[in-house]
Amino acid sequence: MSANQTRRTLCKSGAVFMMLPIMTVCSPAHATINAELRDKLKYQTSPKNGNSCTSCLEFNPGAADQKKGTCKVIPGDDEISAQGYCDAWNTM
Ligand code: SF4
């Protein structure tokens with residue numbers, strides 16, 4: 001291996017090493033789903049009898065995407081559909 005190849009190899013590995021923190025910071029956030037509580041509350045991604053998460057007091061629409069949000073009753077889940085529904089639907 002020549003000195004040029006060694007330097008090039010080091011530069012490449014250094015560039016990859018330097019990119020890791022940037023890639024970590026720039027990668028999209030992972031969606032989380034609380035499958036256990038969804039099952040218990042019979043959550044579904046479609047309305048039921050004309051009722052949906054949009055009209056439920058427990059729903060918090062997402063800041064960037066209003067079609068998905070969070071629910072006060074299903075913590076740890078940021079994939080609640082605005083068109084979804086569950087047994088805890090609440091308007092009071
Ligand atoms: Fe949707 Fe049920 Fe949460 Fe209401 S309680 S926002 S219906 S998942």
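Small disclaimer: the values here were computed from a predicted structure and weren't measured. For ligands, and for the atoms within them, numbers begin at 1 and follow the listed sequence.
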If you have a sec, work out which protein heavy atom is nearest [atom] and how many Å separate them, to one decimal?
atom                    : result
atom 4 (Fe) of ligand 1 : Cys56 SG, 2.3 Å
atom 3 (Fe) of ligand 1 : Cys71 SG, 2.2 Å
atom 8 (S) of ligand 1  : Cys86 SG, 3.6 Å

- Hey, any chance Leu37 and Ile80 share a hydrophobic cluster, counting ILVMFWY side chains that come within less than 4.5 Å of each other, even indirectly?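 Leu37 and Ile80: one cluster.
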- Near Glu36 CD, under 6.0 Å, is it more than 12 heavy atoms from other residues, nucleotides or ligands?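 Counting other residues, nucleotides and ligands, CD of Glu36 stays at 12 neighbours or fewer.
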- Message: Other residues, nucleotides and ligands only: do more than 12 of their heavy atoms fall within 6.0 Å of NZ on Lys72?
- Response: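 Enclosed: over 12 neighbouring heavy atoms sit under 6.0 Å from NZ of Lys72.
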- Query: Can a salt bridge be assigned to the pair Asp77 and Arg38 using a cut-off of 4.0 Å between side-chain N and carboxylate O?
  - Reply: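 Yes, this pair counts.
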Need the ligand 1 atom indices (1-based, order shown) with element for anything under 4.0 Å from a heavy-atom of [X].
X     : answer
Ala88 : 5 (S)
Phe59 : 6 (S)
Trp89 : 7 (S)

- Nearest heavy-atom neighbours spanning Phe59 and Cys53: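 Residues Phe59 and Cys53, closest heavy atoms: CB-O, 3.0 Å.
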- So which bit of Cys53 gets within less than 4.0 Å of ligand 1, heavy atoms only: side chain, backbone, both or neither?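 Answer for Cys53: both.
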- Message: Between Lys67 (side chain only) and Gln83 (backbone N and O only), is there a donor and an acceptor less than 3.5 Å apart?
- Response: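 No; judged by distance alone, with no hydrogens or angles, the pair does not exist.
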